[in-house]
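The next block holds one structure in the form of structure tokens; read it before the comments.
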Protein chains: 2
Amino acid sequence: MAATIKDVAALAQVSVGTVSRYLNGYEVSEVNKRKIEEAVRRLDFKLNPVARSLKTSKSMTVAVVVPALANVFSMSIIEGIERHLDQYGYSVIVCDSQSDVQKEKAKLQFVKDKYVDGVVIMPTGSDGTHITEVLGDEIPAVLMDRLVENAKLDAVLVDNVNAVYQAVERLITLGHRRIGMITGPKHIYTARERQEGYRRVFVDYNLPMDESLIRYGDYTEDTGYKLINELMRLECPPTAVFVANYEMTIGAIMAVNEAGIQIPDQLSLIGFDQLELSKIIRPSLSVVVQPMAEIGQKAAEMLYQRMRGSHDNFPQVIRLKANFIDGQSIKKL
Amino acid sequence: MAATIKDVAALAQVSVGTVSRYLNGYEVSEVNKRKIEEAVRRLDFKLNPVARSLKTSKSMTVAVVVPALANVFSMSIIEGIERHLDQYGYSVIVCDSQSDVQKEKAKLQFVKDKYVDGVVIMPTGSDGTHITEVLGDEIPAVLMDRLVENAKLDAVLVDNVNAVYQAVERLITLGHRRIGMITGPKHIYTARERQEGYRRVFVDYNLPMDESLIRYGDYTEDTGYKLINELMRLECPPTAVFVANYEMTIGAIMAVNEAGIQIPDQLSLIGFDQLELSKIIRPSLSVVVQPMAEIGQKAAEMLYQRMRGSHDNFPQVIRLKANFIDGQSIKKL
DNA sequence: TTGTACGCGTTATCAT
DNA sequence: ATGATAACGCGTACAA
């Protein structure tokens, strides 16, 4: 149905080789160029990307693999990636690993078999063996948000340590000492980092740290809800709590509302991600916000360079700053 | 590098035809089957989907085009689509039309040129001429959320009329008469529908409708903020307001918080979308929630049928029910 | 610069 | 049931 390069050649009365060369930006005589252009126009000819892929082993497609699609973090990043790569003619295919390493590996294999030119991945586990195992080093990959062990890869991360540091330090300077933290699983990179930020404040201020105030959730709404209740039911509950991701922040707020705990009078609270929250909740919530669109944009840019063949200072790790937004959910003691 | 079907044939000592047939599920003698399986295993052979696409003119890829990626509505739908189509071996590429009809058309052309097998689209305008113009009828498309004029297409929609009806009716039965509505642009399908639901309640209850209480925003946070302020500054402000999309609901809540308006004592409020809201806001917000994942799932299912060649009752329009979740943000007068 | 011809990895047709 | 072989549409040596 659709016109092929042969039809163009026939109509333009030149060889397919000439047409192909013209199409790929090589030098062609002025007359032939004109004839080809005319033929292309008249036939409404479009290169068949599939046939081209078969020859070149390039698909002009990249894959993005995330633990979950339906959350603002993933989608903001994906939006950033799509927008950036769009200008280069790449399309992006999305993959949901559902926080399952096996599924993640399967998805990687799947997109590799589809000949994607690159992949950006937000790994679901702390080990990255399967990533290089599947992808090899023919097809470039960049990590985002989380670093993994056993895999040398480019990455764009957020400076979680200092983001959390800033937030907790604020609490300290306001006089808080019993500061609870609800963080993620120990095997998740960002969770470890966020916890380290917390710890470092206490070290730097030479204050004792009460391990019982640190609770490990699994980044879900449920555990946020559950763990803040645990903390508040302690004989000596914390005067402030820092919650280290968005979903758990939602859960914590629900629990606080239900229990009728007054913020910030009875408890100072700092949440994570999504500035929207700080705006619609009363009192406005203090939060640590990550530069999501920028993560996507940077990851796309790095991947693009790699796909173009650059090997400059590999592996490269970019760290983006997060911002602490001061709301009215924390109080001076 | 990677093993081809030829290598398998050679190692198994059969013809490529036999291998291909075996791979595609046709009958093959028991002995050959065994030999092929053995060879496949030893060579770690994988079918090359690009070569297959070249032959079959199918890419096992679908595109989803939305006005914006980074919002809960789009991503929930996309997640539903990805999850559903994953089982059939399809991958989904995402496109952001940035609420721009021109860009939407460009994206459609782009994915068509990439030989996607189908596209699901959440149209950004009320006209759909460009959709069929670009896609023709060779490549199936299904609309979601919004219907368009001048394009006969399958669609999966939400019953906005009755969803809004339910919400406004609730306000009526609680004694409200001056009910404000903040809705979307008149040219957007869902906005018109939601407005119709509002209107219908007044008709059915034989009550007079005050047009000045209907305000048209553009589905952004900003206009939600602005318009609710306009309403509340009326000489005779409404006793209740219904906000007809998520972003505007956020804006409205911000305005209400800033102005110190007591909910529900001074104003009853009903929002739209994302149940999360109703959970973390105090008092809990009454909202109309759309079945987002289901929209994606249904759209994917319809598209899949069409891609398989079914033409049953085309164009088919599915309407999903939205739910009204009662919170504590509305009061009996 | 241009044309020819082969190959990329499959599927499908046609004999056998 | 199986084997040989011609497509699918393009890129690219190679020769001219």
Side-chain angles (χ1 to χ4, degrees), chain A residues 1-40 43-61 89 109-110 112-117 138-139 309, chain B residues 1-40 43-61 89 112-117 138-139 309:
Chain A
M1 276 287 24
T4 78
I5 208 173
K6 271 185 190 168
D7 303 324
V8 175
L11 185 57
Q13 315 217 49
V14 296
S15 76
V16 291
T18 306
V19 178
S20 175
R21 281 186 286 265
Y22 163 73
L23 259 17
N24 288 288
Y26 293 89
E27 282 307 310
V28 167
S29 73
E30 192 62 26
V31 276
N32 282 341
K33 175 178 167 186
R34 249 190 266 289
K35 289 199 286 185
I36 295 173
E37 281 169 348
E38 166 73 6
V40 165
L43 296 170
D44 188 30
F45 168 78
K46 308 253 174 46
L47 264 177
N48 181 327
V50 179
R52 165 181 268 177
S53 290
L54 186 57
K55 275 306 277 189
T56 63
S57 297
K58 301 215 166 309
S59 62
M60 292 303 280
T61 302
Q109 186 65 57
F110 178 67
K112 184 199 176 179
D113 292 344
K114 282 223 171 187
Y115 279 39
V116 296
D117 298 336
E138 323 133 41
I139 145 167
Chain B
M1 279 280 26
T4 78
I5 207 173
K6 276 183 188 169
D7 303 324
V8 175
L11 185 58
Q13 314 217 51
V14 297
S15 75
V16 291
T18 305
V19 179
S20 176
R21 281 187 287 264
Y22 164 73
L23 259 17
N24 288 286
Y26 293 88
E27 282 307 310
V28 167
S29 72
E30 193 61 28
V31 276
N32 283 341
K33 176 179 166 184
R34 249 189 267 288
K35 290 197 287 185
I36 294 172
E37 281 168 348
E38 167 72 5
V40 165
L43 296 170
D44 189 29
F45 168 79
K46 308 255 172 47
L47 260 180
N48 181 328
V50 178
R52 165 180 270 178
S53 290
L54 185 58
K55 266 313 267 191
T56 62
S57 298
K58 303 218 164 305
S59 62
M60 294 303 279
T61 301
K112 184 199 176 178
D113 293 343
K114 282 225 171 184
Y115 280 36
V116 297
D117 297 336
E138 322 133 41
I139 146 169

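Reckoned from all heavy atoms, side chains included, excluding hydrogens, waters and symmetry mates. Please read these numbers as outputs of a predicted model, since none were measured by experiment. A note on names: the letters A, B, ... follow the listed sequences, proteins ahead of strands, and every chain is numbered from 1.
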Does a side-chain N-to-carboxylate-O contact under 4.0 Å join E38(B) and R34(B)?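 No, this pair does not count.
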Within the structure, does a side-chain N or O atom of [X] lie under 4.0 Å from either OP1 or OP2 of [N]?
X      : N       : result
S15(B) : dG3(D)  : yes
S53(B) : dT10(C) : no
T56(A) : dC8(C)  : no
N32(B) : dT2(D)  : yes
T18(A) : dG3(C)  : yes
N48(B) : dC8(C)  : no
S20(B) : dT11(C) : yes
N24(B) : dT11(C) : yes

May I ask you to say what [X] touches in the nucleic acid, namely base, sugar-phosphate or nothing, with a heavy-atom cut-off under 4.0 Å?
X       : result
V14(B)  : sugar-phosphate
K46(B)  : sugar-phosphate
Y115(B) : nothing
L23(A)  : nothing
V16(B)  : base

Could you state the [atom1]-[atom2] distance from [X] to [N], rounded to the nearest angstrom?
X      : N       : atom1 : atom2 : value
I36(A) : dC10(D) : CD1   : P     : 13 Å
Q13(B) : dG3(D)  : CD    : P     : 10 Å
E27(B) : dT2(D)  : CD    : C1'   : 13 Å
L47(B) : dT10(C) : CG    : C1'   : 8 Å

Donor-acceptor pair between N24(B) and R52(B) side chains, under 3.5 angstrom: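 Yes, because at least one side-chain N or O of N24(B) sits under 3.5 Å from a partner of the opposite role on R52(B).
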Can you tell me which nucleotide in dG9(D), dT1(C), dT11(C) comes closest to the side chain of I5(B)?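 From the listed options, dT11(C) comes nearest.
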Check G89(B) against F110(A) and note the closest heavy-atom contact, atom names and distance.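 Distance-wise, the nearest heavy atoms are O-CZ, 3.3 Å.
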With no angle test and no hydrogens, is the base of dA7(D) tied to the side chain of K55(B) by a donor-acceptor pair under 3.5 Å?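 Checked by distance alone, the answer is yes.
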